[in-house]
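Heads up: the structure comes next, in structure tokens.
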Protein chains: 2
Amino acid sequence: MATREEPPRVVAQEGLVDALVQISFVTMAVLSKVGAEHDLSLTQLRVLGILRDRRVRMSRLADYLGLEKSTMTGLVDRAEKRGLLERAPSASDGRAVDVFLSPGGADVAERLYAQVERSLAPMTGELGPAGQRRLQSLLEQLIGFDSLGG
Amino acid sequence: MATREEPPRVVAQEGLVDALVQISFVTMAVLSKVGAEHDLSLTQLRVLGILRDRRVRMSRLADYLGLEKSTMTGLVDRAEKRGLLERAPSASDGRAVDVFLSPGGADVAERLYAQVERSLAPMTGELGPAGQRRLQSLLEQLIGFDSLGG
DNA sequence: TATTGTTATACTCTATAACTATA
DNA sequence: TATAGTTATAGAGTATAACAATA
């Protein structure tokens, strides 16, 4: 008699997806705004974030962002022209090009990161320390599952 | 001796912002992908989402999205040309133009919504029912605070 | 042959500035 | 005068297709 019927639910808890989508739009709006204050698009912001602790080749960067290599060329062109990052031929593969932050770009990246934290703090602060820890724990479980990366 | 010093923390719980940003990028990637399968940008997706249960004027739509009115013109032009939504002069203000979903657009919007739920379900399902409820509750607290809307 | 990156091209998204019509 | 929307223009972001250089 212990037969437990799976509820025929294919989707998440009612309302959870809405909440997730809404909070994501809010977070993106904050990121966009911080970026805009430095004349950076969301994508450029991500590039700086990715390169904060890595030196990667063009194709890898395209993979991280989910963009075509041809798109990367223009993106990196513009950022390079502004002195935020630099290109260098790969030592191990004559076809490849490595991309990395310039000293100035690293400065900007650090400032951006701090500013994002400050901008989101008023919102996350609503939860109090215990709520923040619980939220972080739940989000990290979700991230662990994810197969897309970012 | 019960003097409790406030820690000089201006930012959120270490790691929470990272988690929030990461999960937001994942969510946006899912939304983008679902939209792309219908040849819709993230912005077009949002427009359909907003109009799902509302008829609004151009300027209001621009406010919701945080975009200029001139940007709305092109956005609505393209969606209208594809038969997703329609324009009509406002009854109460001779200058204003109302925008609303066409029957076909409403169909697409419903399908998109269902697809987003299905696409996110494998991830949110990781938490189990109790975790999902806790996450939803925490996210809704954050949304309640937000001053940007979306 | 396959892969890496760039170039050429085209379309979408976005903003600023100038304009028309209505309030 | 101020507001709603469009048009004109320009730049960024994006993809597809064709190409050169290297593996």
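A, B, ... follow the sequence lines: proteins, then strands. Residue 1 opens every chain. Model, not experiment: these values are computed from the prediction.
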Greater than 12 external heavy atoms within 6.0 Å of A:Arg82's CZ: yes

Whole-Å gap separating [atom2] ([N]) and [atom1] ([X]):
X: A:Asp63; N: C:dT4; atom1: CG; atom2: P; result: 9 Å
X: A:Leu65; N: D:dT14; atom1: CG; atom2: C1'; result: 12 Å
X: A:Arg57; N: D:dA21; atom1: CZ; atom2: C1'; result: 14 Å
X: B:Leu67; N: D:dG5; atom1: CG; atom2: C1'; result: 15 Å
X: A:Met72; N: D:dT16; atom1: CE; atom2: C1'; result: 17 Å
X: A:Leu42; N: C:dC13; atom1: CG; atom2: C1'; result: 13 Å
X: B:Asp77; N: D:dT7; atom1: CG; atom2: P; result: 7 Å
X: A:Asp39; N: C:dT16; atom1: CG; atom2: P; result: 11 Å

From the options [options], select the nucleotide whose nearest atom is closest to the side chain of [X].
X: A:Ser70; options: D:dG5, D:dT16, D:dT22; value: D:dT16
X: B:Arg95; options: C:dA15, C:dT4, C:dA21; value: C:dA21
X: B:Lys69; options: D:dG5, D:dA23, C:dT22; value: D:dG5
X: B:Glu68; options: C:dT4, C:dT16, C:dT7; value: C:dT16
X: A:Arg87; options: D:dG5, C:dA21, C:dT6; value: C:dT6

Do B:Glu140 and B:Gln136 meet the criterion of a side-chain donor-acceptor pair at a distance under 3.5 Å? yes

It should be established whether B:Ser41 places a side-chain nitrogen or oxygen under 4.0 Å from OP1 or OP2 of nucleotide C:dT12. no

Check: D:dT14 base within 3.5 Å donor-acceptor of A:Thr43 side chain: no

Find the distance between CG (A:Leu120) and CG (B:Leu16) and round it off to the nearest 0.5 Å. 8.5 Å

Between B:Met58 and A:Leu40, which residue's closest nucleotide on DNA chain D lies nearer the 5′ terminus? B:Met58

Whichever of A:Arg78 and A:Asp93 has its nearest DNA chain D nucleotide further upstream toward 5': A:Arg78

Got a salt bridge between B:Asp77 and B:Arg87, using NZ or NE/NH1/NH2 to carboxylate O under 4.0 Å? yes

Flag the pair B:Arg60 and B:Asp98 as a salt bridge only when some basic side-chain nitrogen lies within less than 4.0 angstrom of an acidic carboxylate oxygen. no

What nucleic acid atoms does [X] come within less than 4.0 Å of, heavy atoms only: base, sugar-phosphate, or nothing?
X: A:Arg60; answer: nothing
X: B:Thr71; answer: base
X: B:Thr73; answer: base

Quick check on DNA chain C: between A:Gly74 and B:Gln44, whose nearest nucleotide comes earlier from the 5' end? A:Gly74

With side chains defined as the heavy atoms from C-beta onward, is the minimum distance between B:Phe25 and A:Leu65 less than 4.5 Å? no

